[in-house]
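Lettering of chains follows the sequences in order, A, B, ..., and the numbering in each one begins at 1. Predicted, not measured: the structure shown is a model, and the values here were computed from it.
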There are 2 protein chains.
Amino acid sequence: MIDIMTAKYSGEYVPPILTVDGVVLQLINNQLNVLLIRRPEEPFKDYWALPGGYNAQGETTTQALNRILRAKAGFSVKDFALVEQLYTFDTVARDPRGHAVSVTYTCLGHNLAPKTSKTTQNPQFFPISHLPKNLAYDHADIIKYAHDRLSAKITYTNAIYALLPKFFTLTQLQKAYEAVFGRELDKRNFRKKFLDLNLIAPTGDLFREGAHRPAKLYKFNKQHLETLSRSFD
Amino acid sequence: MIDIMTAKYSGEYVPPILTVDGVVLQLINNQLNVLLIRRPEEPFKDYWALPGGYNAQGETTTQALNRILRAKAGFSVKDFALVEQLYTFDTVARDPRGHAVSVTYTCLGHNLAPKTSKTTQNPQFFPISHLPKNLAYDHADIIKYAHDRLSAKITYTNAIYALLPKFFTLTQLQKAYEAVFGRELDKRNFRKKFLDLNLIAPTGDLFREGAHRPAKLYKFNKQHLETLSRSFD
DNA sequence: ACAAAAGTGTTAAGAATACACCCATGT
DNA sequence: ACATGGGTGTATTCTTAACACTTTTGT
């Protein structure tokens, strides 16, 4: 093994490849969806993958994330209501081009629509429950990890706000939780418990759609991450 | 901004410096302690710092962690009962030598004693409640972050096993929780709740010390991380 | 006999769960 | 009038929290 300190000072220190991947999640039709791109080249040519790319010197990982999501899927990190670091993966075998370290981020938003351009790589949202079979690298594991973390996070923080529109009904809120948890919740208990948290307030407006009683609209008091006093569900 | 993909294939891709830091924690006299080294050179010469160093190409971050902890503090990752990734920090300003990305790990153990050698850098344990004032970089923040994460982790996992000896008394266990939480717990409630989790079993042996009733010794059923059904405290 | 830590139960308050009907609207 | 989703309360079980004395040992 080389002496890394010596190597550095004699100009021989060579860092591993550093990459950044984004796990972009949103709700579509009350289902949790993830953004994938189609890889235009080897390795894993024509496989679906999380948007990702190289992190260059002088760039922070979030700057790299922003650049990569813009180039490959037409998104800016400003399109997301919440961006959080997920995990840093590294294995020698992970990338056939050699040893790589990948910093992954989870990006949450609402009504996200990829804008295609010359550089985008066929970005599309897929329901997490029905991912394509040909997923590149270990991206299926990373998506599962992101899902698990999100599921935990919405139980002890207000993170669910990032998946909802600014104004929403209690039923929408409940469906959002159900989509992430993957199970149904009791309506009366859900409302009682959630309203007790004082995270949301009624706007006074009503949401009308279809032949039934209109629903009260609510909004979150805080649009940034907060840890709950009592955890939820 | 350079075209990173093109740069790569024309051999121009230059990754940032990648470093790895370890937050080594253990209990000493029922106090949570962290391992620091004294920096032998600039930047932050003679400041106390978390042991850390460069991650070279071909090394995984845990391999780098192992190499660095061995060189600077005489530890092997095998000395720790639990090693977990903490967070990946990156800011251009973090390291005066230029943009760096640092992957940090938390290492938990019991009865850890640094072994000094030619390469070690005066490794010493400090109580988290009384850290030296001259801490390098943002290491005070990183230590606080590790502490917060550990505090959360021991409430929903069995991670506390990693801070205890193989055989321990219920009082030792309670003191370990109290040391991490930074507050006292009720003895009767603690025992009732913890024993209900079925994480530990009595060994049948007794621990005698001093002029008082001897204590039953227990051991953890699993010496690896487990998520609890009901979270604790 | 004394000092010191180990060990042990009950009560009260709060939280979680299970569960079914009326309300307001559009067609 | 009917179909549709919105909205609401109570009883039970479980969990948490508060609290003090007896036991076993070494000196």
I need the residues from residues 201-220 of chain B with at least one non-hydrogen atom less than 4.0 Å from DNA chain D; give them sorted by number, or say none.
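Contacting residues: B/Arg208, B/Gly210, B/Ala211, B/His212, B/Arg213, B/Pro214.
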Heavy-atom contacts under 4.0 Å between residues 163-187 of chain B and DNA chain D, which residues?
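The answer is B/Asp186.
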Could you tell me which residues satisfy salt bridge (Lys or Arg N to Asp or Glu O under 4.0 Å) with B/Lys153, sequence neighbours excluded, listed by chain and number?
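Salt bridge (Lys or Arg N to Asp or Glu O under 4.0 Å) check on B/Lys153 returns B/Glu84.
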Using the test salt bridge (Lys or Arg N to Asp or Glu O under 4.0 Å), find all partners of A/Arg230 that sit at least two apart in sequence or belong to another chain.
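A/Arg230 satisfies salt bridge (Lys or Arg N to Asp or Glu O under 4.0 Å) with no other residue.
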Just the rounded figure in Å: distance from [atom2] of [N] to [atom1] of [X].
| X | N | atom1 | atom2 | result |
| --- | --- | --- | --- | --- |
| A/Phe194 | D/dG7 | CZ | P | 15 Å |
| A/Lys193 | D/dT8 | NZ | P | 18 Å |
| A/Lys192 | D/dT10 | NZ | C1' | 9 Å |
| B/Asp196 | D/dT15 | CG | P | 9 Å |

Consider the side chain of B/Asn189, meaning its heavy atoms from C-beta on, and name the nucleotide among D/dT10, D/dG7, D/dC19 that approaches it most closely.
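Of D/dT10, D/dG7, D/dC19, D/dC19 is nearest to the side chain of B/Asn189.
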Mind checking whether A/Phe194 and A/Phe190 have parallel, tilted or perpendicular rings, split at 30° and 60°?
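Judged by the thresholds at 30° and 60°, the geometry between A/Phe194 and A/Phe190 is parallel.
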Quick one: sort the B/Tyr145 and B/Phe89 rings into parallel, tilted or perpendicular, breaks at 30° and 60°.
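If you compare the ring of B/Tyr145 with that of B/Phe89, the planes turn out perpendicular.
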Heavy atoms under 4.0 Å, any strand shown: does B/Arg191 hit a base, just sugar-phosphate, or nothing?
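Answer is base: heavy atoms of B/Arg191 come under 4.0 Å of a base.
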With distance as the sole criterion, is a donor-acceptor pair present between the side chains of B/Thr104 and B/Asp21 under 3.5 Å?
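The criterion, which ignores hydrogens and geometry beyond distance, is not satisfied for B/Asp21 and B/Thr104.
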Can you confirm whether the side chains of B/Thr119 and B/Ser117 place a donor and an acceptor under 3.5 Å from each other?
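Indeed, the side chains of B/Thr119 and B/Ser117 share at least one donor-acceptor pair under 3.5 Å.
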Range on DNA chain C touched by chain B - first to last nucleotide, heavy-atom distance under 4.0 Å
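Contacts span C/dA3 to C/dT10, reading 5' to 3'.
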side-chain hydrogen bond (donor to acceptor under 3.5 Å, both in side chains) contacts touching residues 124-135 of chain B (sequence neighbours left out)
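Qualifying pairs, neighbours excluded: B/Asn122-B/Gln124.
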Would you confirm whether the ring centroid of B/Phe232 sits within less than 6.0 angstrom of the ring centroid of B/Tyr177?
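Under 6.0 Å, so yes.
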Would you please indicate yes or no on a ring centroid separation below 6.0 angstrom for A/Phe207 and A/Phe168?
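Between A/Phe207 and A/Phe168, which both carry aromatic rings, the centre distance is not below 6.0 Å.
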For a quick test of reading the model, state the closest non-hydrogen atom pair linking A/Tyr161 to A/Ala81 and the distance between them.
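Scanning both residues, the minimum pair turns out to be OH-O, 3.4 Å.
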Sidechain-backbone polar pair: A/Gln31 side chain, A/Ile28 backbone, donor-acceptor under 3.5 Å:
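A pair under 3.5 Å: no.
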Which residue lies toward the 5' end of DNA chain C, B/Arg188 or A/Arg188, if each is placed at its nearest nucleotide?
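Of the two residues, B/Arg188 wins.
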